[in-house]
Amino acid sequence: MSTRIAFLKGHGTENDFVIVPDPENAIDLPPAAVAALCDRRAGIGGDGLLHVVRSAAHPEAEGMAAEAEWFMDYRNGDGSVAEMCGNGVRVFARYLQRAGHVTEGDLAVATRGGVKTVHIAKDGDVTVGMGRALLPAGDVTVRVGERSWPARNVNMGNPHAVAFVDDLSHAGDLLSPPPISPAAAYPDGVNVEFVVDRGPGHVALRVHERGSGETRSCGTGACAVAVAAARRDGADPTATGAPATYTVDVPGGTLVITERPDGEIEMTGPAVIVAEGEIDTDWLETATSA
């Protein structure tokens, strides 16, 4: 482990992250270290960790190096590996801009969910091309206590179950994963969104993110919700030929999601860096070995 490890802290609609710049992939970050850093009482605190690595230096991303110089090696707050994080990509891009690696305009970011296109606007918002949604077949049911709802299975590079409810309080405390049936629909776990309508093209959600619990925002979840809402509302852009845009309120702010007729989805929202410093490596080694 390096003798000095720099970090930053950032958030996108209050979905917050520890950021560890490591261009040459020289820092060992086992799950225990990530969990310790993301611990809100004993560590820095975050819903997840953004490990910033050059694509050419990471075995999982070197095949994308020709398309994207930088790889977002994303980890959940419990240390587990995740395919994608939409809010994380925006914060990742904001870090690259702050560090002088990129400027306003377009860039590409490699993720385990593929290469994502990003646009950093002059007004500060960041737009991410989230790719296309997959809609696996089969009925899914979400349960909280005595209540249950049919859910839409949406994959945004990571899995989601979207349930439309009458009141967001029906989601319960979301401390533990809401039971899903059939369990075989999500062999690697699932992010669960509970959604209410706020008006035409306007919804609000609460989310349980696998590996993190309830979070203040989930970018891929907001996209999954917009896709599910468009199908429910008869506004599937691939069928109508017209883009569908939804304003999605999350506990930490607002995201705007647009699905185009070609199926490509764009997410726009804020991304903020709030602090930077150095990790005490003696503490991290002790916390990792505990």
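Inter-residue side-chain proximity for Phe17 and Cys38 is flagged as unmet; no heavy-atom pair is nearer than 4.5 Å. Within the 4.5 Å cutoff, the side chain of Leu37 has no heavy atoms near those of the Asp39 side chain. With contacts defined as side-chain heavy-atom distances shorter than 4.5 Å, the pair Val165/Val195 does not qualify. Inter-residue side-chain proximity for Ile265 and Met267 is flagged as unmet; no heavy-atom pair is nearer than 4.5 Å. Side-chain atoms of Asn25 and His51, non-hydrogen and from C-beta on, do get closer than 4.5 Å to each other. Considering only heavy atoms from C-beta on, Phe7 comes within 4.5 Å of Ile44 through its side chain. Leu50 is not listed as a side-chain neighbour of Tyr95, based on a closest heavy-atom distance of 4.5 Å or more. In this structure, the side chains of Val18 and Val20 come closer than 4.5 Å at one or more pairs of heavy atoms.
Clustering ILVMFWY residues whenever any of their side-chain heavy atoms sit less than 4.5 angstrom apart, transitively, puts Ile19 in the very cluster that holds Val89. Side-chain heavy atoms closer than 4.5 Å link hydrophobic residues (I, L, V, M, F, W, Y) into clusters, and following such links, possibly through other members, connects Met84 to Val207. Ile279 and Leu8 are assigned to two separate hydrophobic clusters, defined by single-linkage of ILVMFWY side chains at heavy-atom distances under 4.5 Å. Follow the hydrophobic side-chain contacts under 4.5 Å out from Val115 and you never reach Val118; the two are in separate clusters. No single ILVMFWY cluster, assembled from side-chain heavy atoms under 4.5 Å apart, contains both Trp70 and Leu29.
Side-chain atoms of Asn155 and His160 form no donor-acceptor pair, as typed in the model, at a separation below 3.5 Å. Side-chain contact of Asp249 with His202: a donor-acceptor pair under 3.5 Å is present, judged by distance alone. Between the side chains of Thr13 and Asn15, no donor-acceptor pair of N or O atoms lies under 3.5 Å.
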Check: Given the rule in the side-chain contact (heavy atoms from CB on, under 4.5 Å) test, do Leu96 and Leu107 qualify, once you have shown the distances and angles that lead to the verdict?
Finding: CA-CA 10 Å; Leu96 293 177; Leu107 69 145; 3.9 Å; yes
Item checked: Stepwise side-chain contact (heavy atoms from CB on, under 4.5 Å) test for Val196 and Val203 -> CA-CA 6 Å; Val196 296; Val203 296; over 6 Å; no
Next item on the list: List the steps and the verdict of salt bridge (Lys or Arg N to Asp or Glu O under 4.0 Å) for Glu67 and Lys116.
Entry: CA-CA 10 Å; Glu67 298 178 73; Lys116 304 302 177 184; over 6 Å; no
Next item on the list: Give the C-alpha distance, both sets of side-chain angles, the deciding distance and a yes or no for side-chain contact (heavy atoms from CB on, under 4.5 Å) between Val227 and Glu259.
Entry: CA-CA 7 Å; Val227 168; Glu259 184 180 9; 3.9 Å; yes
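Here Glu14 pairs with Arg216 in a salt bridge; the nearest charged N to carboxylate O distance falls below 4.0 Å. Ion pairing of Arg98 with Glu276 is present here, as a side-chain N (NZ or NE/NH1/NH2) and a carboxylate O approach within less than 4.0 Å. In this structure, Asp47 pairs ionically with Arg40, as a charged nitrogen and a carboxylate oxygen lie closer than 4.0 Å. The residues Asp73 and Arg75 are annotated as salt-bridged, a charged nitrogen and a carboxylate oxygen being separated by less than 4.0 angstrom. Ion pairing between Glu69 and Arg54 holds under the 4.0 Å rule for side-chain N and carboxylate O. Salt-bridge formation is detected for the pair Arg260/Glu266: a Lys NZ or Arg NE/NH1/NH2 atom is positioned less than 4.0 Å from an Asp or Glu carboxylate oxygen.
Distance check: Phe92 CZ to Met72 CE gives 7.0 Å after rounding to the nearest 0.5 Å. Distance check, rounded to the nearest 0.5 Å: CD of Gln97 to CD1 of Ile120 gives 4.5 Å. Here Ile257 contributes atom CD1 and Thr245 contributes atom OG1; the two are 9.5 Å apart, rounded to the nearest 0.5 Å. Distance check: Asp233 CG to Thr240 OG1 gives 11.5 Å after rounding to the nearest 0.5 Å. To the nearest 0.5 Å, the span separating CD on Glu83 from CE on Met156 amounts to 12.0 Å. For the atom pair CZ (Arg210) and OG (Ser80), the distance works out to 7.5 Å, reported to the nearest 0.5 Å.
Formation of a donor-acceptor pair under 3.5 Å by the Arg143 side chain with backbone atoms of Ser148 is not found in this model. One N or O on the side chain of Ser289 and one on the backbone of Thr286 form a donor-acceptor pair closer than 3.5 Å. A donor-acceptor distance shorter than 3.5 angstrom exists from the side chain of Lys9 to the backbone of Gly45, with no hydrogens or angles considered. Arg90 places a side-chain N or O within 3.5 Å of a backbone atom of Pro270 that can act as its donor or acceptor partner. Between the side chain of Asp197 and the backbone N or O of Gly199 there is no donor-acceptor pair closer than 3.5 Å. Of the possible polar contacts, none joining the Asn76 side chain to the Gly79 backbone as a donor-acceptor pair under 3.5 Å is found. Between the side chain of Asp22 and the backbone N or O of Ile27 there is at least one donor-acceptor pair closer than 3.5 Å. Side-chain N or O atoms of Arg206 include one that pairs as donor or acceptor with a backbone N or O of Leu168 at under 3.5 Å.
Minimum heavy-atom separation, Val162 to Ala228: CG1-CB, 3.8 Å. Summarising the geometry of Ala244 relative to Ala235, their closest heavy-atom pair is CB-O, 3.7 Å, with the distance given to 0.1 Å. For the pair Ala36 and Ala287, the tightest heavy-atom approach, listed with the atom from each and the gap, is CB-CB, 3.8 Å. For the residue pair Cys223 and Met130, the shortest heavy atom distance occurs at SG-CG, 3.7 Å. The two residues Leu175 and His208 have their closest heavy-atom pair at O-CE1, 3.9 Å. In terms of heavy atoms, Glu60 sits closest to Phe71 at CB-CZ, 4.4 Å.
Other residues, nucleotides and ligands place no more than 12 heavy atoms under 6.0 Å from the CG atom of Asp166. Annotation: Asp139, atom CG; neighbour count of heavy atoms from other residues, nucleotides and ligands within 6.0 Å does not exceed 12.
A distance below 6.0 Å separates the ring centres of Phe194 and Trp149.
Cation-pi geometry between Arg232 and Phe164 is met: the NZ or CZ atom falls under 6.0 Å from the ring centre, inside 45° of the normal.
In summary, of the residues considered (Asn87, Asn191, Asn158), a side chain to side chain donor-acceptor pair (under 3.5 Å) with Thr220 occurs for Asn158 alone.
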